[in-house]
K.L.:
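Quick one: the structure is below, questions incoming.
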Amino acid sequence: MRGFGVFKKGKVGWMEKPDYVCGPDDVICRPVALAPCSSDVHSAMESEGPHLINRILGHEAIGEVIEAGSNIKDFKVGDIVVIPCTTPTWKHPDIQDGTHQDAGGLFTAINFSSYEDGTFADKIKVRSADMNCAHLPKNVTVEQAAMAVDMMTTGFYGSELADVKFGDTVVVYGIGPVGLMAVASAKLRGAGRIIAIGTRPNCVELAKEYGATDILSYRDGDLVEQIMELTNGKGADAAIVAGGGSQALNNAVGSVKFGGGKVAMLEVITGEDKTVLDNAFIASFLAHKEIKGGLCPGGRKRMERLLSLIEFGRIDPAKMITHRFHGLEGIEPAFELMVNKPRDLIKPIVLFD
Ligand code: ZN
């Protein structure tokens, strides 16, 4: 098989690997759609470790089943499947404590392109496929579904972690694709006011479309002060960090209310940008402020729930797609686009006809 991956930190390219052997609980797919993500750029350019040597990148995919393991009940050759970026084996006891992403260790369920080869290849292996793959519903397009496997599940998790309630004021830091989905999820959960922080014109427009009621920019001054002014000195009920690094986390803690303000942290902070909360905010925790972090819930039921929101017209995540590429060779320019991040980029996709 042929895939696009990372040879070592900072060096990416095409690699040949032996074909997968399909285990009893696996399916092997050909790609139908792939989407590069800023996490792929982090893995390739900023992260180190033996697990990232000669590793095929990619974790967002729609596939067509070309081989199904002997235990597979619900999927057969020819089925189009939605493949979540998080695919646990569902066999670790920690999952019984309520989350699956890190059962037994950090990111154990986020195996694509970390502990196992990813989706940027002519073949994709999905483990525990009956529990992880979802059928593509009739009224959902491949493009829409491709935006559910990571962007939607991650962005929506922000509203879940921040426990957004009817009428809440919610601040979303960063309106790239994950932040846009956080905005949409806050609206779906009934937030009253949704304050989105961002500057790129097409992201701002889409944030409004997905439900943002106010747009703020760091260029107009201290964000905490701006939010306090908007909320009459009270602060927001919840904040979701989907960009902006440790500064955004600091601002998020500062901009939620004393007495139970909640912060959801969705961003992986890498490199030199170490998270140090300003002293001024340390007192926040004595005022019952909370920070919860987590990434992309996966699995079949999660995908089916998100796909239902698309199928019945609650949201169209495909509006985020700004750049389209075609065929396996399209992966490389799509990845480069994510590295260079032109101003009109929200989300690229690679389609296979
Ligand atoms: Zn991703």
Side-chain angles (χ1 to χ4, degrees), residues 3-6 12 31-47 51-52 55-63 82-88 100-102 106-121 124 126 132-134 142-158 174-182 184-185 203 240-243 264-270 293-299 302-303 306-307 317-318 320-323 325 330-332 334-341 345-351:
F4 185 81
V6 53
V12 295
V32 171
L34 304 172
C37 171
S38 19
S39 306
D40 293 308
V41 178
H42 290 312
S43 295
M45 302 303 186
E46 294 158 21
S47 306
H51 61 293
L52 288 169
R55 180 68 71 211
I56 293 175
L57 291 164
H59 53 270
E60 300 181 18
I62 309 298
V82 180
I83 305 167
C85 68
T86 301
T87 53
H100 53 262
Q101 294 93 320
D102 308 295
L106 181 67
F107 300 160
T108 49
I110 306 175
N111 58 311
F112 281 131
S113 80
S114 52
Y115 305 107
E116 294 176 27
D117 281 322
T119 58
F120 288 175
I124 301 164
V126 189
N132 283 326
C133 288
V142 164
E143 291 195 354
Q144 288 174 319
M147 294 300 107
V149 299
D150 182 0
M151 299 301 96
M152 222 176 135
T153 188
T154 304
F156 276 49
Y157 199 36
I175 44 173
V178 169
L180 287 168
M181 290 298 94
S185 67
C203 293
I240 301 168
V241 180
M265 181 63 183
L266 300 177
E267 214 195 354
V268 180
I269 293 179
T270 53
L295 292 175
C296 38
R302 175 73 170 182
M303 286 303 110
L306 297 177
L307 292 166
M320 297 191 294
I321 299 171
T322 50
H323 294 71
F325 299 85
I331 293 171
E332 191 168 357
F335 175 82
E336 277 165 14
L337 198 70
M338 289 306 295
V339 174
N340 298 324
K341 291 220 162 109
L345 173 71
I346 301 181
K347 188 76 182 174
I349 192 167
V350 183
L351 298 162

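Just the heavy atoms: all of them, side chains too, but no hydrogens, waters or symmetry mates, feed the values below. Numbering of ligands and ligand atoms starts at 1, following listing order.
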K.L.:
Between Arg55 and Ser113, does any side-chain donor sit less than 3.5 Å from a side-chain acceptor?
P.N.:
no
K.L.:
Around the Zn ion (ligand 1), how many protein N, O or S atoms are found at less than 2.8 Å?
P.N.:
4
K.L.:
Consider only side-chain N and O atoms of Asn111 and Thr87, and report whether a donor and an acceptor are under 3.5 Å apart.
P.N.:
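Checked: Asn111/Thr87 side chains pair up, N/O donor to acceptor below 3.5 Å.
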K.L.:
Does any part of the side chain of Leu351, heavy atoms only, come nearer than 4.5 Å to the side chain of Glu143, both counted from C-beta?
P.N.:
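Heavy-atom side-chain distance check passes, below 4.5 Å.
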K.L.:
Between the main-chain N or O of Pro84 and the side-chain N or O of Asn132, is there a donor-acceptor pair closer than 3.5 Å?
P.N.:
no
K.L.:
Within the side chain of Thr322, is there an N or O that forms a donor-acceptor pair under 3.5 Å with the backbone of Ile346?
P.N.:
yes
K.L.:
Identify the heavy atoms of Thr119 and Glu60 that sit nearest to each other, and give their distance.
P.N.:
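Shortest heavy-atom separation between Thr119 and Glu60 comes out as OG1-N, 3.6 Å.
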